[in-house]
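Written below as structure tokens is the structure these notes are about.
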Amino acid sequence: EPEVTQTPSHQVTQMGQEVILRCVPISNHLYFYWYRQILGQKVEFLVSFYNNEISEKSEIFDDQFSVERPDGSNFTLKIRSTKLEDSAMYFCASSRSGELFFGEGSRLTVL
Amino acid sequence: RKEVEQDPGPFNVPEGATVAFNCTYSNSASQSFFWYRQDCRKEPKLLMSVYSSGNEDGRFTAQLNRASQYISLLIRDSKLSDSATYLCVPDTGRRALTFGSGTRLQVQP
């Protein structure tokens with residue numbers, strides 16, 4: 001069964017450092033997403049991406065965040081200068097129609 | 001107003017019990033719904049899609065009441081492995097789905 005894969009599974013970084021989280025969506029899906037979940041809180045939408053551009057973003061997705069689809073398979077989330085409050089689980093998702101399918105997540109710990 | 005309202009629980013039930021969760025939604029234009037389950041520190045996983053009045057998949061039954069704007073999920077013969085948070089998610093026509101806090105289920109031996 002096709003699945004969304006994410007790397008790394010866990011990353012520890014120092015405050016102020018840049019982080020890139022990587023995702024390989026399901027191959028025939030056209031819509032890609034990043035969500036995050038701070039420990040103990042609900043899953044929050046960050047950004048959606050379609051046809052090589054951002055289609056929607058939330059208030060959380062400020063100038064410190066960017067997304068890219070550098071080739072035909074990868075979809076990345078970059079955080080330019082991490083803050084302590086960026087510590088969370090970051091989930092990538094993809095969809096073809098309504099349902100979203102999530103990867104296992106990348107846990108980011110900012111020290 | 002929140003898109004969905006769910007009882008946060010936890011619902012503590014013994015193995016083998018039948019348990020039902022309700023979810024009320026505010027956007028009457030929502031055409032379809034999804035039930036996701038999320039285990040602690042894991043990703044949300046699609047459990048069921050509901051496009052008409054309901055759906056059934058094994059021990060799981062979802063029913064949609066558009067007039068009252070609620071959707072329910074019934075789990076029969078609960079297993080220990082059913083312990084998770086269950087998230088009701090409406091498809092509002094936006095591509096991105098909005099997740100609430102869900103209902104926590106704890107099935108006990």
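A note on names: the letters A, B, ... follow the listed sequences, proteins ahead of strands, and every chain is numbered from 1. These numbers come from a predicted model, not from an experiment. All heavy atoms count here, side chains included; hydrogens, waters and symmetry mates do not.
- A distance below 6.0 Å separates the ring centres of A/Y35 and B/F99.
- Heavy atoms closer than 4.5 Å to chain A are found nowhere in B/S32, neither backbone nor side chain.
- A/Q11 CD: more than 12 foreign heavy atoms inside a 6.0 Å radius.
- Between chain B and the options A/S48, A/G103, A/S95, A/S58, heavy-atom pairs under 4.5 Å are most frequent for A/G103.
- The neighbour count for A/E59 CD, taken as heavy atoms of other residues, nucleotides or ligands under 6.0 Å away, does not exceed 12.
- A single hydrophobic cluster is seen to contain both B/L105 and B/L73, as judged by linkage of ILVMFWY side chains at heavy-atom distances under 4.5 Å, directly or through other members.
- A/V47 and A/F32 fall within a single hydrophobic cluster, where Ile, Leu, Val, Met, Phe, Trp and Tyr are joined by side-chain heavy atoms under 4.5 Å apart, directly or via other members.
- Between A/E104 atom CD and B/R41 atom CZ the span is 15.0 Å, to the nearest 0.5 Å.
- Ion pairing between a basic and an acidic side chain is recognised when a charged N comes within 4.0 Å of a carboxylate O; A/E56 and B/R95 show no such pairing.
- For the residue pair B/Q38 and A/Q37, a side-chain donor N or O sits within less than 3.5 Å of a side-chain acceptor on the partner.
- Residue-environment remark: CG (A/D63) stays at or below the threshold of 12 foreign heavy atoms within 6.0 Å.
- Residue A/I54 is grouped with residue A/I60 when hydrophobic side chains (ILVMFWY) are merged at heavy-atom distances under 4.5 angstrom, including chains of intermediate members.
- Atoms CD and CG, from A/E99 and B/L47 in turn, are 12.0 Å apart once rounded to the nearest 0.5 Å.
- Here the closest heavy-atom approach between residue B/F34 and residue A/G98 is recorded as CZ-C, 3.6 Å.
- Heavy-atom distances place the side chain of A/F45, and not its backbone, under 4.5 Å from chain B.
- Annotation: side chain of B/Y36 is in contact with side chain of A/L100 (closest heavy-atom distance under 4.5 Å).
- Of the listed residues (B/L97, B/L46, B/T98, B/D91), the one with the most heavy-atom contacts under 4.5 Å to chain A is B/L97.
- Across B/G102, B/G93, B/C40, B/S49, the residue that shares the most heavy-atom pairs under 4.5 angstrom with chain A is B/S49.
- No single ILVMFWY cluster, assembled from side-chain heavy atoms under 4.5 Å apart, contains both A/F101 and B/V50.
- Follow the hydrophobic side-chain contacts under 4.5 Å out from B/Y86 and you reach B/V4 in the same cluster.
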